[in-house]
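Below, each value reflects all heavy atoms present in this structure, side chains not excepted, and no hydrogens, waters or symmetry copies. Everything numeric here is computed off the predicted structure, so don't read it as measured data.
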Amino acid sequence: FGNLVLSSSWDTAYERELQNFQDIGDAGEIWFGEESMVRIIRWMEKQNVPLDSSVLDIGTGNGVLLIELAKSGYTDLTGIDYSPSAIQLSEKVREKEGMPSIKLKVEDFLAPSAELSGFEICIDKGTFDAISLNPDNAVGKRKQYVKSLCSVLKPEGFFLITSCNWTKEELLDEFREGFEILEELPTPKFCFGGRIGNSVTALVFQRK
């Protein structure tokens, strides 16, 4: 198969992830760590997204993205996760970092509660992937995800998705109902057997 040649930036990111994993024992963030957070925050800063914009982190996990957004000056931050233990973990992280204004809720995004609405920015790093891999009616769950996204995100709001499972073309197809692509964000490239590909896709959509 030829050698798997990792670009140096990807290599560095991966080593950092491994270090994070050894330090805090969090396997869940291994592919979606510092690098994807920096990419998201840089895009928001470049777009001059107002610091009081309402932001929803879908599948917040340990809540570290929200901490980084708060450190960058964003003030209206909400994280949801269907796992109560993830929310407990993110609450601990929030307390440790002294960020009491971050809102955290146990929510199933496929059946969102009524108060989950009116967000200007929704961010997903790996949650759509996880839903897509569900062996029980994955196609139906993906459709429901798009419906939920339409109900929580304001018209003309932004949706930033980072995926390990889907190509740009596949994501365009999944989100064609109600969304248009604004841009693709640069992600690390890898080379396998002379072919160059992306192991991660990061796209910004705007709700129509």
Item to complete: Report the C-alpha distance between L66 and L104 in whole Å, list the side-chain angles of each, state the deciding distance to 0.1 Å, and finish with yes or no for side chain to side chain contact (heavy atoms under 4.5 Å, CB included).
Response: CA-CA 10 Å; L66 294 173; L104 297 165; 4.0 Å; yes
Worksheet entry | N165: side-chain hydrogen bond (donor to acceptor under 3.5 Å, both in side chains) partners, not counting sequence neighbours |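 Per chain and number, N165 pairs via side-chain hydrogen bond (donor to acceptor under 3.5 Å, both in side chains) with no residue.
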Practice prompt. List in chain and number order the residues that pass side-chain hydrogen bond (donor to acceptor under 3.5 Å, both in side chains) with E68, two or more places apart in sequence or in another chain; answer none if no residue qualifies.
Written response: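 Once residues adjacent in sequence are excluded, E68 has no partner under the side-chain hydrogen bond (donor to acceptor under 3.5 Å, both in side chains) criterion.
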Holding to side chain to side chain contact (heavy atoms under 4.5 Å, CB included), I want the full list of residues that pass it with [X], two or more places apart in sequence or in another chain.
{"X": "V106", "answer": "P84, I87"}
{"X": "S117", "answer": "none"}
{"X": "S83", "answer": "D81, S85, A86"}
{"X": "D52", "answer": "P50, T75"}

Worksheet entry | Contact list for residues 131-155, test salt bridge (Lys or Arg N to Asp or Glu O under 4.0 Å), sequence neighbours left out |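 Those involving residues 131-155 are D136-K141, R142-E174.
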Fill in: Residue pairs involving residues 100-123 (criterion salt bridge (Lys or Arg N to Asp or Glu O under 4.0 Å); sequence neighbours excluded)
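Residue pairs with at least one partner in residues 100-123: D76-K103.
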Worksheet item: Can you name the residues that form a salt bridge (Lys or Arg N to Asp or Glu O under 4.0 Å) with K46, not counting sequence neighbours?
Response: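 Salt bridge (Lys or Arg N to Asp or Glu O under 4.0 Å) check on K46 returns E183.
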Discussion item. Under the rule for salt bridge (Lys or Arg N to Asp or Glu O under 4.0 Å), what residues qualify as partners of R42, not counting sequence neighbours?
Written reply: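 So R42 forms no salt bridge (Lys or Arg N to Asp or Glu O under 4.0 Å) with any residue.
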Item to complete: Can you spot which of E177, E169, R176 makes a side-chain contact (heavy atoms from CB on, under 4.5 Å) with D173?
Response: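 By the side-chain contact (heavy atoms from CB on, under 4.5 Å) criterion, D173 pairs with just one of E177, E169, R176: R176.
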Discussion item. Suppose the criterion is side-chain hydrogen bond (donor to acceptor under 3.5 Å, both in side chains): which pairs have a residue in residues 87-102, not counting sequence neighbours?
Written reply: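 Qualifying pairs: K71-E97.
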Discussion item. Could you list the cluster mates of Y145? Members are the ILVMFWY residues connected by side-chain heavy atoms closer than 4.5 Å, either directly or through other members.
Written reply: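 In the cluster with Y145 are L56, I58, I80, F109, L110, L116, F119, F128, I131, V146, L149, V152, L153, F159, I161, W166, L171, L172, F175, F179, I181, L203, F205.
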